[in-house]
Amino acid sequence: MAPEQVPLLDQATMDYVEIEPGQFHFIFLNPKDPSYQAPTEN
């Protein structure tokens, strides 16, 4: 990651989640993104 990209991830969270059974993916949650919606648990 280049130093100028660090501010883009300020307050972001990276998580490893199971999207579908057996399919795991990294996801990024960034509350500074204008389209951000907080996750809900189902």
Side-chain angles (χ1 to χ4, degrees):
M1 174 182 293
E4 60 271 8
Q5 295 172 323
V6 172
L8 298 174
L9 292 177
D10 181 42
Q11 297 182 18
T13 301
M14 180 177 75
D15 202 354
Y16 190 65
V17 298
E18 187 173 22
I19 303 292
E20 298 284 333
Q23 292 184 349
F24 292 87
H25 298 273
F26 285 103
I27 61 169
F28 295 86
L29 304 170
N30 188 345
K32 290 186 173 182
D33 182 340
S35 62
Y36 173 79
Q37 293 182 2
T40 59
E41 293 201 23
N42 295 331

Would you call the rings of Tyr16 and Phe24 parallel, tilted or perpendicular if under 30° counts as parallel and over 60° as perpendicular? parallel

According to side chain to side chain contact (heavy atoms under 4.5 Å, CB included), who are the partners of [X], at least two apart in sequence or on a separate chain?
{"X": "Ala38", "result": "Tyr36"}
{"X": "Val6", "result": "Met1"}
{"X": "Asp10", "result": "Lys32"}

Are more than 12 heavy atoms from other residues, nucleotides or ligands located less than 6.0 Å from atom CD of Gln37? no

Rounded to the nearest 0.5 Å, what separation is found between the CD1 atom of Ile27 and the CD1 atom of Ile19? 6.0 Å

Would you find a donor on one side and an acceptor on the other, under 3.5 Å apart, between the side chain of Asp15 and the backbone of Leu29? no

